[in-house]
Novice: 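To start, I am sharing the structure in question, which I have written as C-alpha cells.
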Amino acid sequence: MAHIYSEEVMKLFTDPKNMGEIENPSGLGKVGNPVCGDVMWIYIKVNNETDVIQDIKVKTFGCVAAIATSSKTTELAKNKTIKEAYQITKKQVADDLGGLPKQKMHCSNLAVDALQRAIVDYLKKNGRSIEELEG
Ligand code: FES
C-alpha cells in the first residue's frame, strides 16, 4: 500500500501523546464524525485563576489520522490559556503534522472542534460566556 501519511503522523499514531481521561475535568468536549463513525473526547483541567490549561487528555476511537490530529491538538493546547487554545486552527494542526492526505483533512481533523467544545463547557460551568474569547 502506498504510504500516504507523513512521518509525523505515523510517529504520533504509534506513540500518541496525552491519551486517556481526566477525572473531574474542568471541561469536556466530544465530537463524532457520523460519516465514518470515528469519535473523540477531550478533557481539560484548567487553572481557575490563570485560565491556563494545565492538563489535557484525549480519548479517540478512530483512524490513523484521527489519532494523530487529536494527539497534536493536545500538544498545541497544553499550557496555553483557554483564549489561545480556542484560536488553534485545523490548518495549524495539519501543518504541524507535515500535512494530511486531502481526503483525510475534513474527515479526521476533528480534535480542534472537541477542544473548543471542552473550553465552552468549562466557561459554562463557571457561569462565563464564550463571548469573552472572541475578538
Ligand atoms: Fe477517521 Fe474519518 S476515517 S475520522
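One-based numbering, in listed order, for ligands and for the atoms of each. When reading the values below, keep in mind they use all heavy atoms of this one structure, side chains included, and skip hydrogens, waters and symmetry mates.
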Novice: Just jot down the salt bridge (charged side-chain N to carboxylate O under 4.0 Å, His left out) partners of E21, sequence neighbours excluded, or say none.
Specialist: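 Only K59 meet the salt bridge (charged side-chain N to carboxylate O under 4.0 Å, His left out) criterion with E21.
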Novice: Please round to the nearest 0.5 Å and tell me the distance separating atom CG of N109 and atom CD of Q92.
Specialist: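 N109 CG to Q92 CD: 11.0 Å, rounded to 0.5 Å.
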Novice: Regarding S70 and T60, is there a side-chain donor-to-acceptor distance under 3.5 Å anywhere?
Specialist: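 There is such a pair (donor and acceptor under 3.5 Å, judged by atom type) between the side chains of S70 and T60.
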Novice: Quick one: list whatever passes side chain to side chain donor-acceptor pair (under 3.5 Å) with D121, sequence neighbours left out.
Specialist: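 K125.
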Novice: Please check if the number of heavy atoms outside K45 that lie under 6.0 Å from its NZ is greater than 12.
Specialist: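 Result for NZ/K45: enclosed.
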Novice: Under 3.5 Å, side-chain donor or acceptor atoms of residues 28-39 against the rest of the protein: list the pairs with distances, not counting sequence neighbours.
Specialist:
unit_1: N33; atom_1: OD1; unit_2: V35; atom_2: N; d: 2.9
unit_1: N33; atom_1: ND2; unit_2: C107; atom_2: O; d: 2.9
unit_1: D38; atom_1: OD2; unit_2: C63; atom_2: N; d: 3.1

Novice: Could you pull out the N/O/S protein atoms under 2.8 Å of atom 2 (Fe) of ligand 1, ignoring any water?
Specialist: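 Per the 2.8 Å query on atom 2 (Fe) of ligand 1, atoms found are C36 SG, C107 SG.
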